[in-house]
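Report on the structure given below.
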Amino acid sequence: MANKYLETDLLDRAIIFAVKAHHNTERRGKGFPYIVHPMEAVEIVASITPDQELLAAAALHDTIEDTDVTVDQLRAEFGERIAHLVHAESDQINGELFDAEKGDEAATWHARKQAAIDRLKAAPHDAKIVAMGDKLSNMRAIWRDYQIKGDALWSIFHVKDKESHAWHYRGLADALSELSDTFAYREFVRLIDEVF
């Protein structure tokens with residue numbers, strides 16, 4: 001008989017940390033608290049693995065990219081593995097974290113997305129699982145918005161060309177194909193096909 005109690009102290013701490021880090025921020029153009037996205041990523045990762053460090057990394061995956069949290073803070077609070085997983089999931093250009101305030105998001109978009117696809121393709125299995133949580137959550141949001149707005153949806157992005165987004169998501173699907181035996185991956189591919 002399975003233990004009805006899970007040891008969730010690490011995940012609980014990560015969720016509380018993420019809630020505080022994303023406090024009073026909105027998911028871009030969605031009208032709901034940002035924390036909803038990392039929590040959906042946790043749910044997706046939980047459908048693949050019970051590994052509490054991967055679930056914690058899913059909760060924290062946008063903290064260094066979208067808040068003032070640093071990799072060193074995550075390392076001190078949650079350990080090397082989680083800090084590494086979160087850093088690997090963060091937007092980078094030429095190996096450095098991308099700072100939207102210092103760079104032109106539209107001008108560097110293609111290079112950043114290609115770098116992310118390349119990193120993900122070479123990433124270890126556990127990093128791909130965390131990325132699957134983020135990417136499927138993003139694709140679900142795109143699919144829902146596409147049902148309402150159609151091709152007008154692309155106007156909210158820095159890069160407004162639908163084909164560029166199709167290239168990006170198909171590249172992510174290829175990079176994550178190691179997870180093709182999971183329900184999450186199959187949902188991801190289905191949603192990509194329905195939108196693009």
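What's counted below: heavy atoms across the whole structure, side chains too, no hydrogens, waters or symmetry copies.
Contact check for V36 versus M39: no side-chain heavy atoms found under the 4.5 Å cut-off. Looking at heavy atoms from C-beta onward, V86 lies out of side-chain contact with V71 at the 4.5 angstrom threshold. Counting heavy atoms from C-beta on, the side chains of E89 and L85 never come closer than 4.5 Å. Between I16 and K20 the shortest side-chain heavy-atom distance falls below 4.5 Å. The closest side-chain heavy-atom distance from Y169 to L191 is not below 4.5 Å. The shortest side-chain heavy-atom distance between W167 and H110 falls under the 4.5 Å cut-off. Looking at heavy atoms from C-beta onward, Q52 lies in side-chain contact with T8 at the 4.5 angstrom threshold. Side-chain atoms of I15 and L11, non-hydrogen and from C-beta on, do get closer than 4.5 Å to each other.
For H165 and W154, the gap between ring centers is short of 6.0 Å.
In summary, E43 and R140 engage in a salt bridge, as defined by a charged side-chain N under 4.0 Å from a carboxylate O. Contact check on D118 versus K121 returns no salt bridge, with no Lys/Arg side-chain nitrogen under 4.0 Å from an Asp/Glu carboxylate oxygen. The pair D193-R170 meets the salt-bridge criterion, since a charged nitrogen lies less than 4.0 angstrom from a carboxylate oxygen.
Between Y34 and H22, the ring planes lie parallel to each other; the angle is under 30°, not in the 30° to 60° tilted range. Ring orientation note: the planes of H168 and W109 are nearly perpendicular, at an angle over 60° on the 30°/60° scale.
The local environment of CG in D68 is sparse, with at most 12 non-hydrogen atoms from other residues, nucleotides or ligands closer than 6.0 Å.
Between F188 and K135, the shortest heavy-atom contact is CE1-O, 3.5 Å.
A donor-acceptor contact closer than 3.5 angstrom is absent between the side chains of Y185 and K128.
Listed for the R27 side chain is no donor-acceptor partner under 3.5 Å among the backbone atoms of I35. K162 contributes a side-chain N or O that, together with a main-chain N or O of V195, makes up a donor-acceptor pair within less than 3.5 Å.
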